[in-house]
Structures are given as C-alpha cells and as structure tokens.
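The shown structure was predicted, so the numbers you read here are calculated from the model rather than taken from an experiment.
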Amino acid sequence: MTDSTNPEFEREQAGKGFRTVSEIRQKLDILAEHVESRKEALEEEIQEHLHESLANARDSIERIEENIAPKVEKAIRTKMEEIDRKMVRMNEEGLEAVREELVKATPELTKKILEDLDKLVAENTRFVKMEILQEVKEELNKSIQSAIVPVNDKLEKAASKTLAISILSGVALLGMIWLAIK
C-alpha cells in the first residue's frame, strides 16, 4: 500500500497540518498582540511628541511675540508720527490755500458787504426817520394840545367877557334908544 492511500498516513498528515496551522495561529496571535502593543506604544509616543511639539510651538510663538511686539509697536509709532506730520503739513497747506482764497476774494467780498451794508443803513435810516417823525408828531400834538387848552380857556373867558360886554352894550344901546324914543 502506498502512503497516500493509507488512512493513518493521511491522519498523520492531517495532524501535522493541524499542528502547523495551530502553531501558525499561535504565532499569529502573538504577532497580533505584539503589533497591538507596539501600536499603543507608538500612539502614546506620538501623543507625547505631539504635546511636546505643541508646547515647543507655544514657547516659540511667545518668543516670537516677545521679539516682534516691540518691533511692531515701533513700526506703528513710526507710521503714526509720519501720519501726524503729513496731517500737520496738509492742515498748513489747507490753511494757506484758504488764506490765498480769502485774499483773492476779499475785494469782491468787501464790495458786496459794503453794498449790503449801504442798503441796510439806508433802510434803517428810513425806518429811524419814520419813527422819529412819528414821535415828533405825537410830541407836537401833545405840545399843541397843552398850549391850546390855556388859550382856549382864555378865549372862552375873553369871549364870555366880550359877549357880556356886548350884551350890556346892546342893553345900554336899547336903553338909550328907548330913552331917546320916550
């Protein structure tokens, strides 16, 4: 009988194959555990390196900020001073331009102001004359009234006396005529 048809040989071969598979399985499990533990160790190491790198980055950023902050502040201060100088120069130029325009416009403005002033003075003078005239009329009327009252009183008295004399003269004349007729 040949070895390949022998059932015992096949069992033996199957057992060897099973043992080989079992050994491979064990080695595979050991390898899987080793890979898993190595993976965890690497993850921890990566986390440590990452935290360390972040801490170093923060320190570097702080140092950079410490080094850059004065330079930025100085640059800002320099720009602000430059802007201030430009603003002062622009203000001076603007004021000079306004002065020049005022000098150019002064004769025209003066003429216009004087014309308007003449009109205003003429109008105010006319208004004041009318007010003074009205006040003079009122004062004159008051003066005339106050002066007429005594004259009227005197005239009335004189008229009364004249009337009385006329009446007496008339009566005396009548009396004389009556006497003459009688």
Practice item. Give the C-alpha distance, both sets of side-chain angles, the deciding distance and a yes or no for salt bridge (Lys or Arg N to Asp or Glu O under 4.0 Å) between Glu92 and Arg89. Key: CA-CA 5 Å; Glu92 289 172 355; Arg89 188 170 9 98; over 6 Å; no
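Separating the OG1 atom in Thr20 from the CD1 atom in Ile24 is a distance of 6.0 Å, to the nearest 0.5 Å. Between Lys142 atom NZ and Lys137 atom NZ the span is 15.5 Å, to the nearest 0.5 Å. Annotation: the span from Ile83 atom CD1 to Met90 atom CE amounts to 11.0 Å, rounded to 0.5 Å. Of the inter-residue distances, the one linking Asn67 atom CG with Ser60 atom OG reads 10.5 Å to the nearest 0.5 angstrom. The CD1 atom of Ile113 sits 12.5 Å away from atom CG of Leu120, with the distance rounded to the nearest 0.5 Å. The distance from atom CZ of Arg38 to atom CG of Leu42, rounded to the nearest 0.5 Å, is 4.0 Å.
The shortest side-chain heavy-atom distance between Asn6 and Glu10 does not fall under the 4.5 Å cut-off. Glu93 has its side chain out of reach of Glu96: every pair of non-hydrogen atoms, C-beta onward, lies at least 4.5 Å apart.
Under a hydrophobic clustering in which Ile, Leu, Val, Met, Phe, Trp and Tyr are joined whenever their side-chain heavy atoms come within less than 4.5 Å, directly or via other members, Ile68 and Ile76 fall into the same cluster. Val136 and Val128 fall within a single hydrophobic cluster, where Ile, Leu, Val, Met, Phe, Trp and Tyr side chains are chained together by heavy-atom contacts under 4.5 Å. There is a path of hydrophobic side-chain contacts, each under 4.5 Å, that joins Val72 to Ile64.
The environment of CD in Glu8 is sparse: at most 12 heavy-atom neighbours from other residues, nucleotides or ligands sit within 6.0 Å.
Arg19 and Glu12 make their closest contact through NH2-O, 4.5 Å (heavy atoms, listed as atom of the first residue, atom of the second, distance).
Screening residues 55-75 for salt bridge (Lys or Arg N to Asp or Glu O under 4.0 Å) gives Glu73-Arg77 as the qualifying pairs, with residues at least two apart or on separate chains.
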